[in-house]
Amino acid sequence: MLSFENDYNVGAHPLVLKALMDTNLIRQPGYGNDDFCRSAAEKIRAACACPEAEVFFISGGTQTNQVVISSLLRSYEGVLSAVTGHVNGHEAGAIEYSGHKVLTLPQHEGKIDRLELEAWIKSFYADESHEHMVFPGMVYISHPTEYGTLYSKAELESLFQVCRRYDLPLFLDGARLGYGLMSRSTDLSLEDIARLCDVFYIGGTKVGALCGEALVFTHKNAPEHFPTLIKQRGAMLAKGRLLGVQFDALFTDRLYFAIGSHAIEKAERLKQMFRKRGYAFYLDSPTNQQFIVLPDEKAEELRQHVRFTVWEKPDEKHTVARFCTSWATTDEELDELEALI
């Protein structure tokens with residue numbers, strides 16, 4: 001059975017596993033106070049060209065989103081997100097469970113619009129009853145988005161300026177950041193993201209690691225006693241070294257970027273395979289997630305041999321199917337898929 005259902009359907013990249021094996025018997029302190037976490041943080045600061053960045057390693061993406069949002073917001077504040085944002089649609093109410101509301105904005109291929117964001121904020125404060133409402137406390141975006149689309153540098157700069165104007169932190173979910181950074185269509189670098197976001201994370205789980213995310217506060221703006229807040233929320237590993245070792249490997253010799261580049265190359269081939277056979281695309285994704293519109297009968301036929309994600313139903317006779325590539329996608333797998341479509 002071929003599997004294109006997500007980008008975390010295998011274990012870790014072999015070089016990440018080798019690093020875990022090579023360091024396995026080295027005794028180190030726990031809870032992220034180890035040499036591997038320190039080394040990984042230094043490499044991430046260098047890659048971001050942000051020497052003042054504060055870097056924390058957290059067990060997973062949902063945990064990272066909840067820890068950041070619940071730690072930065074006051075009790076009466078919510079987080080602004082596209083209606084399709086991961087924190088709104090696919091985290092089992094993790095944000096609401098922490099006592100904070102997700103305040104939704106319209107989405108445009110997964111992205112939020114600067115003018116609509118500012119209009120929402122102005123409308124909130126123009127309401128004479130706003131003291132009885134949930135205040136906007138921060139802005140959440142994902143890059144790539146849930147539709148594999150990307151913010152341009154100009155778009156991110158304009159969102160950052162709106163956030164500055166209203167004193168709202170801008171938080172970027174980078175669960176698939178490696179694929180965004182290596183897309184052929186991007187003009188955003190890791191340095192740009194560090195400059196234009198108050199906090200973001202570098203996804204490991206979906207980009208070559210067994211698990212874990214690297215959270216980066218860019219302006220010495222981490223909440224006081226942040227490791228304590230991570231632990232309170234159940235997102236800290238006693239063996240924090242496991243995350244440090246992995247990110248140290250990912251940021252050695254640009255492995256993280258090579259992983260992203262490989263997945264993009266395979267996604268481009270996958271895209272051309274479907275396009276050559278006349279299939280329509282739900283949207284034009286420049287990253288490792290591709291959304292193909294399949295006739296229902298073809299979708300059912302393919303599901304006998306291929307795992308993919310059913311994204312939505314655009315009409316009664318078609319299915320939007322998401323196919324993901326990763327560091328582990330091979331040309332042989334793509335050859336098999338091509339024969340099936």
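The structure displayed is predicted, hence computed values, not measured ones.
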Please determine if [X] and [Y] form a salt bridge, counting it only when a charged side-chain N lies under 4.0 Å from a carboxylate O.
| X | Y | answer |
| --- | --- | --- |
| Glu52 | Arg45 | no |
| Arg241 | Asp35 | no |
| Lys313 | Asp296 | yes |
| Glu96 | Lys101 | no |
| Glu157 | Arg114 | no |

By side-chain hydrogen bond (donor to acceptor under 3.5 Å, both in side chains), which residues pair with Arg322, not counting sequence neighbours?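 For Arg322 the side-chain hydrogen bond (donor to acceptor under 3.5 Å, both in side chains) partners, ignoring immediate neighbours, are Gln289.
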
Check whether [X] and [Y] end up in the same hydrophobic cluster, where Ile, Leu, Val, Met, Phe, Trp and Tyr are linked by side-chain heavy atoms less than 4.5 Å apart.
| X | Y | value |
| --- | --- | --- |
| Leu243 | Val67 | no |
| Val139 | Leu196 | yes |
| Val207 | Tyr201 | no |
| Leu156 | Phe200 | yes |
| Val16 | Phe251 | yes |

Is the closest side-chain heavy-atom distance between [X] and [Y] below 4.5 Å?
| X | Y | result |
| --- | --- | --- |
| Thr325 | Arg269 | no |
| Ser59 | Met236 | no |
| Ser70 | Arg233 | yes |
| Ile141 | Ile112 | yes |
| Val199 | Leu170 | no |
| Met182 | His262 | no |
| Asp253 | Leu255 | no |
| Leu181 | Ile193 | yes |

Using the ring of Phe247 (Phe, Tyr or Trp, six-membered ring only), decide whether Lys43 places NZ or CZ under 6.0 Å from its centre and within 45 degrees of its axis.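 Verdict for Phe247: no cation-pi partner in Lys43.
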
Is the cationic atom of Arg254 (NZ for Lys, CZ for Arg) positioned less than 6.0 Å from the six-membered ring centroid of Phe257 and within 45 degrees of its normal?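 Geometry flag: set, cation within 6.0 Å and 45°.
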
Which atom names give the shortest non-hydrogen contact between [X] and [Y], and what distance separates them?
| X | Y | result |
| --- | --- | --- |
| Leu72 | Pro169 | CD1-CB, 4.4 Å |
| Thr62 | Ala94 | CG2-CB, 3.8 Å |
| Ala299 | Phe308 | O-CZ, 3.7 Å |

Is the backbone N or O of [Y] less than 3.5 Å from a side-chain atom of [X], with the two atoms forming a donor-acceptor pair by type?
| X | Y | result |
| --- | --- | --- |
| Asn65 | Val87 | no |
| Thr329 | Ser326 | yes |
| His143 | Leu172 | no |
| Thr319 | Ala321 | no |

Can [X] and [Y] be counted as having a side-chain donor-acceptor contact under 3.5 angstrom?
| X | Y | answer |
| --- | --- | --- |
| Asp187 | Ser152 | no |
| Asp248 | Ser39 | yes |
| Thr149 | Lys111 | no |
| Glu336 | His305 | no |
| Ser189 | Asp192 | yes |
| Ser142 | Glu146 | yes |
| Arg176 | Thr287 | no |

Nearest 0.5 Å please: distance from the [atom1] atom of [X] over to the [atom2] atom of [Y].
| X | Y | atom1 | atom2 | result |
| --- | --- | --- | --- | --- |
| Tyr125 | Met133 | OH | CE | 10.5 Å |
| Ile95 | His100 | CD1 | NE2 | 9.0 Å |
| Phe36 | Arg38 | CZ | CZ | 10.0 Å |
| Gln246 | Thr23 | CD | OG1 | 9.5 Å |

Worked verdict on Glu77 versus Met138 for side chain to side chain contact (heavy atoms under 4.5 Å, CB included): CA-CA 8 Å; Glu77 292 177 329; Met138 67 187 303; over 6 Å; no

Listed pairs under 3.5 Å, donor-acceptor, residues 208-218 side chains, sequence neighbours left out:
| residue | atom | partner | partner atom | Å |
| --- | --- | --- | --- | --- |
| Glu213 | OE1 | Gly204 | N | 3.2 |
| Glu213 | OE2 | Gly61 | N | 3.4 |
| Glu213 | OE2 | Thr205 | OG1 | 2.5 |
| Thr218 | OG1 | Cys197 | O | 2.6 |
| Thr218 | OG1 | Asp198 | O | 3.3 |

I need the full list of ring pair (Phe, Tyr, Trp, His ring centres under 6.0 Å) pairs touching residues 160-187, with sequence neighbours left out, sorted by first then second residue.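 Checked against ring pair (Phe, Tyr, Trp, His ring centres under 6.0 Å) - neighbours excluded - the pairs reaching residues 160-187 are Tyr140-Phe171.
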
Hydrophobic cluster (4.5 angstrom, side-chain heavy atoms) - remaining members for Phe291: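 Members alongside Phe291: Tyr147, Tyr282, Leu283, Val293, Trp311, Val320.
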
Test salt bridge (charged side-chain N to carboxylate O under 4.0 Å, His left out) applied to Glu297 and Lys317, step by step: CA-CA 8 Å; Glu297 58 272 19; Lys317 296 183 178 181; over 6 Å; no

What residues form a ring pair (Phe, Tyr, Trp, His ring centres under 6.0 Å) with Tyr76, not counting sequence neighbours?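 For Tyr76, the residues satisfying ring pair (Phe, Tyr, Trp, His ring centres under 6.0 Å) (neighbours in sequence not counted) are Phe135.
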
Side chain to side chain contact (heavy atoms under 4.5 Å, CB included) between Ile202 and Tyr256, worked out: CA-CA 10 Å; Ile202 299 168; Tyr256 190 74; 3.4 Å; yes

Using the ring centroid of each side chain, check whether His13 and Trp327 are separated by less than 6.0 Å.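 Ring-ring flag for His13/Trp327: true, centres closer than 6.0 Å.
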
Name all residues meeting the salt bridge (Lys or Arg N to Asp or Glu O under 4.0 Å) criterion together with Lys271; count only those two or more places apart in sequence or in a different chain, and write none if there are none. Glu268, Asp284

Give the C-alpha distance, both sets of side-chain angles, the deciding distance and a yes or no for side chain to side chain donor-acceptor pair (under 3.5 Å) between Asn9 and Ser3. CA-CA 8 Å; Asn9 54 18; Ser3 180; 2.9 Å; yes

Applying side chain to side chain contact (heavy atoms under 4.5 Å, CB included), run through Phe274 and Leu294 and close with a yes or a no. CA-CA 10 Å; Phe274 278 98; Leu294 300 175; 4.2 Å; yes

Output, in order, the C-alpha distance, side-chain angles, deciding distance and verdict of salt bridge (charged side-chain N to carboxylate O under 4.0 Å, His left out) for Glu338 and Lys276. CA-CA 10 Å; Glu338 187 169 22; Lys276 187 168 65 176; 3.5 Å; yes

Stepwise side chain to side chain donor-acceptor pair (under 3.5 Å) test for His130 and Asp127: CA-CA 5 Å; His130 72 264; Asp127 191 321; over 6 Å; no

What orientation do Phe4 and Phe323 show, parallel under 30°, tilted 30 to 60°, or perpendicular over 60°? tilted

